Amino acid sequence: MSAVENGIGASVTRKEDQRFITGNGNYLDDINKAGQAYGHFLRSPYAHAKIKNIDLTAARAAPGVIDIFVGADMAADEVGGLICGWGISSKDGSPHVAPPHPCLAMGSVKHVGDQVAFVVAESVQEAKDAAELIEVDYEELPSVTDVRKAGVAGAAQVHDEAPGNQCYDWEIGDKEAVDAAFANAHHVTKMDLINNRLAPNPMEPRAALGEYDRGTGEYTLYTTSQNPHVARLILSAFVNIAPEHKLRVIAPDVGGGFGSKIFVYAEETTTIWASKKVGRPIKWTADRSEAFMTDAHGRDHATHAEMAFDADGHILGFRVATKANMGAYLSTFASAVPTYLYATLLNGQYKMPCIYAEVQALFTNTTPVDAYRGAGRPEATYVVERMMERAARDMNMDPTDLRMKNFIAPDAYPYETPVIMTYDSGDYPQTLNLAKNMISYDGFQARKAESASRGKLRGIGSAAYIEACGIAPSAAVGSLGAGVGLWESAEVRFNPTGSVTVFTGSHSHGQGHETTFAQLIADKLGVPFDNVEVVHGDTTKVPFGMGTYGSRSLAVGGSAIVKAADKIVEKAKKIAAHLMEASADDIEHAHGVFSVAGTDKQLTIGEIAFAAYVPHNYPEDLEPGLAENAFYDPLNFTFPAGTHIAEVEIDPATGVVEVVDWAAADDFGNVINPMIVEGQVHGGVAQGIGQALLEGVVYDDDSGQLLTGSYMDYCMPRADDLPNFKVEATNTPCPSNPLGVKGCGEAGAIAAPAALMNAITDALGKEIDMPATPEKVWRAAQSA
Amino acid sequence: MEMQGEELINAPREKVWEALNDPEILKQAIPGCEEVIKDGDTAFSAKVKVKVGPVKATFNGAVTLSNIDAPNGYTITGEGKGGAAGFGKGGADVSLEEAPNGATLLKYDVNASVGGKMAQIGSRLIDSTAKKLAGEFFAKFNELVSDSAAAEAPAEAAETATETVAAETAAPTEPALAAPAAEEPKAEEAPAPSASWMRPTVLIPVALAAAAILYMLTKGGN
């Protein structure tokens, strides 16, 4: 706890919530410009088809139509296609296959919802009506949607450039060592696991408002982005919209992202491009159907895993083969998710002598798949923790005992895994024991018997997860194929009257940065919490930024703010020394109070800021003003870890799973705002429970049609699906950043699916795949 | 999706055959049908308004008849476009058998699919919509055919100009809704004719259009 009010460690209520809950947020669709036109996309109703002809005659004549664009129009302007920013090489050294990804179809459509034409009209309704009049002559082609079928001989080919639909066939680890370990194994556990495809479902759908200024030649794109500077970089350097200094990207209040708003999509790109073509601002706002069809989906893995043990239950080796569905095109960071964000975490929390993982990424006629809350790490935890639980059952051990036996020891850090990660800190036995106590693990058998007396099946399951967050050291990701560096920037700017504006390259779309970052300044510089304003999401206001994803905002973005605050302190000491006629070396600083050592002379940061901007009495060798920039590039990933334990009760007559108890014991290192952290855990676990019980994107196997295109068929978790969560934290401070923080945004979504499926399969006594719908559970219970 | 079913019609086979090829009867029997136009001996186009849950659209369909074997049956195939609501396409084999008491047993075997919004949004509602539309179609068709059979009684019965008529049946092609519901046929396979029309049969020969739509719906639903 800090000595400062509302400082580090205080559960300050979120200052941004005042405007959100009173309807005063400024979301994209709230923004309107004079002369604004509206855009609507005509989309493919087919999973795969050749476009033989597009006749716009009738549509162009429709009321209110300003212009209509097709793929050839963008190509004529040399506006490039969309890119994937992370290069992955196959086993044979060849680069991944990245077929063309046009914003508007060029002769073919590859998935239901693919953009065919962009209609700009005076109103949304007129644009939609005109789109109905566009005559597209499609020749339907065979399609493939199931990742398990995409690589099979005879499967429909999504791209000519990708024979066998293969994007890459990648490997990591030591195959020979693993083969040798299996040869000596006492016991081998094998599983086939499906990680179901998820639609991200942020509350606010994607939207864009593009505007071109003929006077200055500048474009302004308002967009629902998690990383406006990255969007600007890609739109400038790769898509060729405009040079970076002529393109301003603004991401205002954004209503959730979960990863889906990291990416640069066709719609936003087309909207900004077309705004110059028509000479008017254009707004496009996705409806929920478009969100289901086009927001990059998450997960969709099919995995075979084998784990070898010795007679005592020690892990000898781990072998994993995964097929990952890329969808129809490579999304912005799609290639990295099933490789460096997934297989590098297959070591879990354990001492694994050797690991070998192969990942084959395949194209299908489905919505592109990319990062979704957890991004690769939930997939890894799901494989590792389902395997550990299953292995324990196979060997008649308690699953928590098997984990305890194999944990990396708390004094073993830094710990290098066989899959290139170096864990920097942690105490896995501590979080496991905490979770067991929280849920009264030892009393489970009695509760199970009580449930059985009522005809119910009770189960308990654990997941000891680990994630690599705080993404990430630029040198590390660069060596692994990333096309960008993953540092963060900040500016701390004092105003003459002592209030502070903090500019951050992180982006808040639900995380509470305006509160947490203000707490950092309140703590470090002694400025009252209410006198700190956090500004983000505007490339013109913020120096630069890499955005928010991978639980990186505090560990990387917060660290940049701390570095800028440190520079403020350094300069303020010089000013204070002058004002108090002392040597700068004798100035001591604590929470915004600068004092001369050994005296009662002191000045507050507010007084110093005033002197800096009204420098009537000021050091000659110092610049006026009190504002500092900092860039921070982390030393390592951070490694949040913990154990979640789920307890369920199943009614075998209905197949309904009730999650009756949940214990989350997490080690996030130091915590700035415990209330916000707990909220992040709640939200993450809710999403993980959604994946395990309810959610799943379904395509028709024959036609490739999306069958879960609305909330009637895609089931999201609701409050009554969730128990009261028990959330507690341990703390091994992260040694890799100045705040000692690890990140908490994804942990719940990473831990929950494995814990819950372990509980359900414990209750049923047999394996089923996610989502564990009542029908699936009922069938399993009936055939027991 | 695939679906089979049968329906007992209270009229002699020739009458049923005739009706199946009569655009006017089809138009009256197919729920939401606005027009049926004969484009040729074996081709029809039709316009049918369909609502599946929140998706409402007018489908413009085109159907063709083949394997015409009057009055025993034919194969009907078609495609319907519903604009923003999506599309449907499919076909059905229809056969007519003489049944006791001068009635006719109409059997159909449908294969259809839907795409676009109809598949995305309609799949959960397709079964019930299909049942409802099929029920309405058969009730009306039975009524129309029985009436005409009663009125025209003896004379013309057998002869009928099967060929010309045949062509018309196809009218409403609206395949739109069906989604693939592999599971759906299970419980409903009831053999009793009276029960059969309650099923999601959507597809009648006649109402291809309507049928198609339904199918698609049904197909989608899991």
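Residue numbering restarts at 1 for every chain, and letters A, B, ... go by the order of the sequence lines. Hydrogens, waters and symmetry mates are skipped; everything else that's a heavy atom, side chains included, is used. It should be emphasised that the depicted structure is a prediction, and the values quoted were computed from it without experimental measurement.
- Counting non-hydrogen atoms of neighbouring residues, nucleotides and ligands closer than 6.0 angstrom, the CD atom of B/Glu34 exceeds 12 such neighbours.
- Looking only at side-chain heavy atoms (C-beta outward), B/Met118 and A/Gln705 stay at 4.5 Å or farther from each other.
- When side chains are defined from C-beta on, B/Lys117 counts as touching A/Ser289, because their heavy atoms get closer than 4.5 Å.
- Looking at heavy atoms from C-beta onward, A/Thr708 lies out of side-chain contact with B/Gln120 at the 4.5 angstrom threshold.
- Atom OH of residue A/Tyr711 and atom CD1 of residue B/Ile121 lie 12.0 Å apart, to the nearest 0.5 angstrom.
- Looking at A/Glu290, neither its backbone nor its side chain comes within 4.5 Å of chain B, counting heavy atoms on both sides.
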